[in-house]
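Below you'll find the structure, written out as structure tokens, and then a few comments.
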Protein chains: 2
Amino acid sequence: MLELAILGILKDQELHGYELKKRLTETIGPLTSVSFGSLYPALARLEAAGAVKAVEAHTGTKPIPMTGSLGAEVAAFRARRGAVRGSRGKKVYGITGRGHELFAELLTASSHSPEDDRGFNLRLAFARYLPPDARLGLLERRRAQLVERLAKGRSSIRSSRDRLDNYARCLLEHRSEATERDISWLDQLIAAEFAASNSQKQKETT
Amino acid sequence: MLELAILGILKDQELHGYELKKRLTETIGPLTSVSFGSLYPALARLEAAGAVKAVEAHTGTKPIPMTGSLGAEVAAFRARRGAVRGSRGKKVYGITGRGHELFAELLTASSHSPEDDRGFNLRLAFARYLPPDARLGLLERRRAQLVERLAKGRSSIRSSRDRLDNYARCLLEHRSEATERDISWLDQLIAAEFAASNSQKQKETT
DNA sequence: CAGCCGTTATATCGGATCGATACGTCGGGA
DNA sequence: TCCCGACGTATCGATCCGATATAACGGCTG
């Protein structure tokens with residue numbers, strides 16, 4: 001799951017871990033906080049799988065941990081800084097051909113099963129890489145899932161009305177309202193998909 | 001975190017694991033799905049800590065309905081291990097005095113730090129166990145957190161407008177709107193707290 | 001009534017993830 | 001100068017999740 005997000009970001013541009021994390025949290029939202037404790041192992045997995053590779057951060061410096069010539073190394077680093085702020089021990093990752101393949105696999109895979117919220121948000125963020133029909137299927141599956149969730153939430157409010165205090169009930173109601181709005185938001189997206197599809201057909205017939 | 005939820009549910013009534021899971025998902029919402037793979041270890045931890053204890057499930061005095069000698073062997077095996085179980089192997093858990101203490105600790109603890117969404121939802125669901133001032137503090141800290149999150153989200157939309165395609169931008173905007181609604185919802189809750197507090201004072205002065 | 005299936009129920013395993021922490025560089029302000 | 005905060009990589013232990021195993025039970029159908 002995290003692999004998909006990483007590959008999707010790296011498709012746009014090469015980045016190093018720290019910047020990648022910031023980009024991730026602002027793309028897939030701060031709700032799903034990605035920690036370094038999962039980001040770096042995920043990058044290592046991807047690199048082992050040949051999906052990404054670490055490229056030199058400009059100026060082919062080798063990561064030599066020599067302590068004897070530390071002064072010379074530092075001096076070299078300082079001499080080189082200026083173009084892209086501080087080219088020190090950064091490891092910049094780039095996506096490979098295998099990485100593009102893996103991205104397509106992950107984006108399509110298991111999009112036909114009850115996915116969780118994060119999975120949907122992630123897939124939607126990269127929906128431009130999906131063919132139009134898969135995009136529409138994604139949205140409609142999500143809609144059905146939310147409708148079911150809403151029904152369950154309402155029934156659980158109804159069934160346990162007397163067992164809940166004000167705070168818990170208020171929480172459940174707020175959540176149901178949020179789900180309702182999500183559904184109508186999805187309806188908008190679905191309508192937009194249909195509109196785009198129709199205008200596409202119009203263009204084709206002319 | 002999960003311990004807090006378990007203890008909060010068990011404060012109301014004794015339950016066995018399976019029912020506890022259902023109660024959890026309907027109380028703290030299906031968004032934060034609790035799996036058995038975390039529930040049972042958490043119950044084991046709580047039992048080891050003396051916060052909960054397995055009580056005898058009310059059995060219909062029909063402990064061995066199984067066929068042949070195999071059933072007897074299984075029953076004997078279970079008896080040898082000394083498990084507290086009913087006729088169908090249920091383990092009903094009840095909260096202890098230490099459990100009530102632990103619940104109070106967990107509910108109060110680290111409520112003064114930038115907690116995550118699940119932490120807040122959980123604490124709000126059990127807000128009735130908090131003193132009024134702590135309740136208000138919880139709500140206002142949450143509000144401040146959401147305001148900050150909204151500002152960050154908006155700025156990230158603004159800063160990366162050209163880098164995002166329609167889907168990603170739409171996602172971010174939808175999220176910002178949801179955060180706005182969460183904030184106004186919190187405002188309602190805070191106002192309700194003040195109203196309750198005032199009516200309480202009114203009662204005291206009369 | 002035999003066979004099958006869905007629900008109830010406990011439990012464990014491997015892998016993914018998180019939060020904290022360590023270690024180190026760098027620029028800026030007291 | 002010296003400390004603080006931002007940048008940057010990395011790892012550890014605990015926890016959490018999804019899948020899976022096991023098994024008794026109720027209901028339904030042929």
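Just so we're on the same page: letters track the sequence lines, and every chain starts at 1.
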Can you measure Leu24(A) atom CG to dT17(C) atom P for me and round it to whole angstrom units? 12 Å
Lys91(B) NZ to dA23(D) C1', straight-line distance once rounded to whole Å: 16 Å
Which nucleotides of nucleotides 13-22 of chain D have their base under 4.0 Å from a protein heavy atom (B), which only their sugar-phosphate (S), and which neither (-), written as one string 5' to 3'? --SSBB----
Round to the nearest Å and state the distance from Lys21(A) atom NZ to dG8(D) atom P. 13 Å
Just to verify, what does Glu101(B) make a salt bridge (charged side-chain N to carboxylate O under 4.0 Å, His left out) with, not counting sequence neighbours? Arg98(B)
Could you give the CG-to-C1' distance, from Leu20(B) to dT10(C), as a whole number of Å? 13 Å
Sequence neighbours left out, what pairs pass salt bridge (Lys or Arg N to Asp or Glu O under 4.0 Å) with at least one residue falling in residues 146-155 of chain A? Asp117(A)-Arg149(A), Glu148(A)-Lys152(A), Arg154(A)-Glu180(A)
Quick one: does Thr27(A)'s side chain have a donor or acceptor within less than 3.5 Å of a partner on Leu24(A)'s backbone? no
Show every donor-acceptor pair shorter than 3.5 Å between a side-chain atom in residues 43-54 of chain B and any protein atom, with sequence neighbours excluded, or say none if there are none.
residue, atom, partner, partner atom, Å
Arg45(B), NE, Glu3(B), OE2, 2.9
Arg45(B), NH2, Glu3(B), OE2, 3.4

Roughly, in whole Å, what's the span from OH in Tyr93(B) to C1' in dT10(C)? 9 Å
For Arg135(A), give me all partners under salt bridge (charged side-chain N to carboxylate O under 4.0 Å, His left out), at least two apart in sequence or on another chain. Glu193(A)
Between C1' on dC7(D) and OH on Tyr18(A), what's the gap in Å once rounded to a whole number? 5 Å
It should be established whether Tyr40(A) places a side-chain nitrogen or oxygen under 4.0 Å from OP1 or OP2 of nucleotide dT9(D). yes
Applying salt bridge (charged side-chain N to carboxylate O under 4.0 Å, His left out), name anything that partners Arg181(B), two or more places apart in sequence or on another chain. none
Under 3.5 Å, which donor-acceptor pairs do the side chains of residues 6-21 of chain B form with other protein atoms, sequence neighbours left out?
residue, atom, partner, partner atom, Å
Lys11(B), NZ, His100(B), ND1, 2.8
Lys21(B), NZ, Val34(B), O, 2.6

At how many degrees, to 10°, do the end axes of the helix from dC1(C)-dG30(D) to dA30(C)-dT1(D) meet when each uses five pairs? 20°
Arg143(B) meets the side-chain hydrogen bond (donor to acceptor under 3.5 Å, both in side chains) criterion, sequence neighbours left out, with Asp187(B)
When the distance from NZ of Lys90(A) to C1' of dT25(C) is rounded to whole Å, what number comes out? 12 Å
Polar contact flag, side-chain donor to acceptor under 3.5 angstrom, Asn166(B)-Arg169(B): yes
Once you round it to whole Å, what is the distance between P of dT17(C) and CG of Leu43(A)? 12 Å
